[in-house]
> 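Supplied in structure tokens, the structure appears directly below.
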Amino acid sequence: MKQAVISGTGLYTPAQSISNEELVECFNTYVEQFNADNAAAIADGTVTALEPSSVAFIEKASGIKSRYVMEKAGILDPKRMVSHIPERADDELSLQAEICVAAAQQAMDRAGKTAADIDMVLVACSNMQRGYPAMAVEVQEALGINGYGFDMNVACSSATFGIQQAVAAVQSGQARAVLVLNPEITSGHLNWRDRDSHFIFGDACTAIIVEAAETAKGAHRWAILDTKLKTSFSNNIRNNFGFLNRFDENGVGQPDKLFRQQGRKVFKDVCPMAAEMIKDTVANAGLEIPQVKRFWLHQANLNMNLLISRMVLGRDAEPGEAPVILDEYANTSSAGSVIAFHKHSDDMAAGELGVICSFGAGYSIGCVVVKRI
Ligand SMILES: CC(=O)SCCNC(=O)CCNC(=O)[C@H](O)C(C)(C)COP(=O)(O)OP(=O)(O)OC[C@H]1O[C@@H](n2cnc3c(N)ncnc32)[C@H](O)[C@@H]1OP(=O)(O)O
């Protein structure tokens, strides 16, 4: 069987960022206004007063200090609290395809590839901009790639599941090289008026080139030693947005059409599942945990990552052993573990081992064991 390798990664980071301070100031202005507007109903008990958010809580509970977004002015307007980005005409490149192209170009440069070398484009992320045509086919056209493309969604695990599909396509000879893209415009599904979650997400797009070892060149090559995927149904992270929403007018615009979660339950369920998956995948690859130099974990919450590292290693991770990017980027869904890999892997030497691990809604968990070439 052909050896599949990651030969390049790319990252698109939006130009605009929101600090916790800016976010909380807007949220608390909204809360004050809501409570003032509803003072009588709050006094007679028919409406519940909203509570303010806090910078200290956000940083302590999540480790997040800021997040990048496609457009911040709309989010920080207490009367609007959602980005304002005008729709584009059908003959213009769509927003999600645009950020795919930016990340893809960097990954292709790093891998020394042109459009003519790629046979398959996979857009794998939590939220697609539209139903069809597939985002991947639009990106394929924009980059001038022959072959085929399709979209897939496994929420926060979309990138690792996408890597596995790319490995299968390369190993079976379906594609010489695959471009996997994770355009996460999470600011679109986040309820910026929900105190429990308004701080969680940020926007970014990652790109990964997977190809056969014999064609891979360049300075960023990683042999993919093993992959392991797992799903187990849970309602604890859920979003009911979809094309059937219009069947019931009562549900349109309700908060369940945006991201919502039972954060405590997610924390408790997912940490042991992710730790077991990492241990199983490393064992399947014929390796032992002490041989693994680095863990590029999904970036949802700092406390989750500290606990997962401890469960895997049997001790606290050393600085740099499980790199953190969520302080700056927040949770970028499927892009998070790939951003950590992209930014914190070039210093590793040939032969050194690492694990990319994602976890999220579904529940879904994906592990990829890699060795620097
Ligand atoms: C895997 C994925 O990518 S899914 C998306 C992300 N999911 C996750 O990160 C899941 C993991 N869960 C978590 O990390 C945590 O549950 C968090 C960060 C979401 C929340 O942290 P928790 O410590 O669990 O907060 P919890 O919701 O229990 O609230 C604790 C207290 O803070 C208060 N609180 C909640 N939000 C805020 C806020 N924004 N500001 C101030 N206080 C707040 C609550 O009211 C509660 O007060 P109480 O103790 O008086 O009742």
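Ligands are counted one by one from 1 in listed order, and the atoms in each one are counted from 1 as well. We number each residue from 1, following the sequence as shown. Here the structure is a predicted model, which means the values were calculated and not measured.
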> Is K230 paired with E276 through a side-chain N to carboxylate O contact shorter than 4.0 Å?
no

> Does C156, backbone or side chain, put an N or O under 3.5 Å from an N or O of ligand 1?
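Such a contact does not occur with ligand 1.
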
> Within the 4.5 Å heavy-atom criterion, are L307 and R310 side-chain neighbours or not?
yes

> Which of these, F199, F57, Y363, F267, has its nearest heavy atom closest to atom 37 (C) of ligand 1?
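Nearest heavy atom to atom 37 (C) of ligand 1 lies in F57.
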
> Please compare S333, S53, G263, S358 and report which has the shortest non-hydrogen distance to atom 16 (O) of ligand 1.
G263

> Please check if a non-hydrogen protein atom sits closer than 4.0 Å to atom 46 (C) of ligand 1.
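When distances to the protein are checked, atom 46 (C) of ligand 1 has no heavy atom within 4.0 Å.
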
> Regarding K293 and D347, does a basic nitrogen lie under 4.0 Å from an acidic carboxylate oxygen?
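Salt bridge absent between K293 and D347.
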
> Could you tell me whether E321 and R315 have a side-chain N and a carboxylate O separated by less than 4.0 Å?
yes

> With a 4.0 Å heavy-atom cut-off (strictly under), which part of N331 contacts ligand 1: side chain, backbone, both or neither?
side chain

> Is any side-chain heavy atom of H189 closer than 4.5 Å to one of F241?
no

> Touching ligand 1 at all, D196? Heavy atoms, strictly under 4.0 Å?
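So D196 counts as touching ligand 1.
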
> Which ligand 1 atoms does G360 reach within 4.0 Å, using its non-hydrogen atoms?
1 (C)

> Report, one line per pair, each donor and acceptor closer than 3.5 Å where one atom sits in a side chain of residues 265-274; sequence neighbours left out.
| residue | atom | partner | partner atom | Å |
| --- | --- | --- | --- | --- |
| D269 | OD2 | N236 | ND2 | 3.4 |
| D269 | OD2 | Y363 | OH | 2.7 |

> Do NZ/NE/NH1/NH2 and the carboxylate oxygens of K113 and E211 come within less than 4.0 Å?
yes

> State, with a plain yes or no, whether a side-chain heavy atom of P14 is found less than 4.5 Å away from one of Q16.
no

> Are any of the protein's heavy atoms under 4.0 angstrom from atom 51 (O) of ligand 1, yes or no?
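Given the 4.0 Å limit, the answer for atom 51 (O) of ligand 1 is no, no protein heavy atom qualifies.
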
> I need the atoms of ligand 1 closer than 4.0 Å to a non-hydrogen atom of I237, numbered in the order shown.
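Atoms satisfying the 4.0 Å criterion: 4 (S).
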
> Please find out if less than 6.0 Å separates the ring center of F341 from that of W222.
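Yes, they do, as the ring centres are separated by less than 6.0 Å.
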
> Linking I/L/V/M/F/W/Y whenever any side-chain heavy atoms sit under 4.5 Å apart, do I365 and L229 land together?
no

> Which protein heavy atom lies closest to atom 21 (O) of ligand 1, and at what distance to 0.1 Å?
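Nearest neighbour among protein heavy atoms for atom 21 (O) of ligand 1, to 0.1 Å: A61 CB, 3.7 Å.
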
> Please list the nearest protein heavy atom to atom 24 (O) of ligand 1 with its residue and the distance rounded to 0.1 Å.
R264 NE, 2.7 Å

> Salt-bridged, E352 to R372, with N to O below 4.0 Å?
no

> For a 4.5 angstrom cut-off between non-hydrogen side-chain atoms, does C357 reach L297?
yes

> Check this for me - ligand 1, S62, N or O atoms closer than 3.5 angstrom, yes or no?
no

> Under 4.0 Å from atom 27 (O) of ligand 1, do we find at least one protein heavy atom?
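So atom 27 (O) of ligand 1 lacks protein heavy-atom neighbours under 4.0 Å.
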
> Going by the atom numbers of ligand 1, which of them fall below 4.0 Å from some non-hydrogen atom of S54?
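Close to S54: 40 (N), 41 (C).
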
> Considering only non-hydrogen protein atoms, determine which one is nearest to atom 44 (C) of ligand 1 and report residue, atom name and distance to 0.1 Å.
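For atom 44 (C) of ligand 1, the nearest protein heavy atom comes out as R195 NH1, 3.9 Å.
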
> Please could you name the atoms of ligand 1 that V266 approaches to less than 4.0 Å, counting only its heavy atoms?
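By the 4.0 Å cutoff, the relevant atoms are 10 (C).
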
> Any protein heavy atom lying closer than 4.0 Å to atom 39 (N) of ligand 1?
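There is a protein heavy atom less than 4.0 Å from atom 39 (N) of ligand 1.
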
> Could you tell me whether E51 approaches ligand 1 through its side chain, its backbone, both or neither, with non-hydrogen atoms closer than 4.0 Å?
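The answer is neither.
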
> Return the closest protein heavy atom for atom 8 (C) of ligand 1 as residue, atom name and distance.
Q261 OE1, 3.5 Å

> Which atoms of ligand 1 are found less than 4.0 Å from any heavy atom of F359?
1 (C)

> Under 4.0 Å, counting heavy atoms only: does F27 come that close to any atom of ligand 1?
no

> Can you list the ligand 1 atoms lying under 4.0 Å from a non-hydrogen atom of H298?
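The atoms of ligand 1 under 4.0 Å from a heavy atom of H298 are 1 (C), 2 (C), 3 (O).
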
> Which of the numbered atoms in ligand 1 are under 4.0 angstrom from any heavy atom belonging to N301?
9 (O), 13 (C), 14 (O), 18 (C)

> Within a strict 4.5 Å, meaning less than it, do heavy atoms of the R260 and N191 side chains meet?
no

> Are the charged groups of K72 and E22 less than 4.0 angstrom apart, N to O?
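Looking at K72 and E22, the cut-off is met.
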
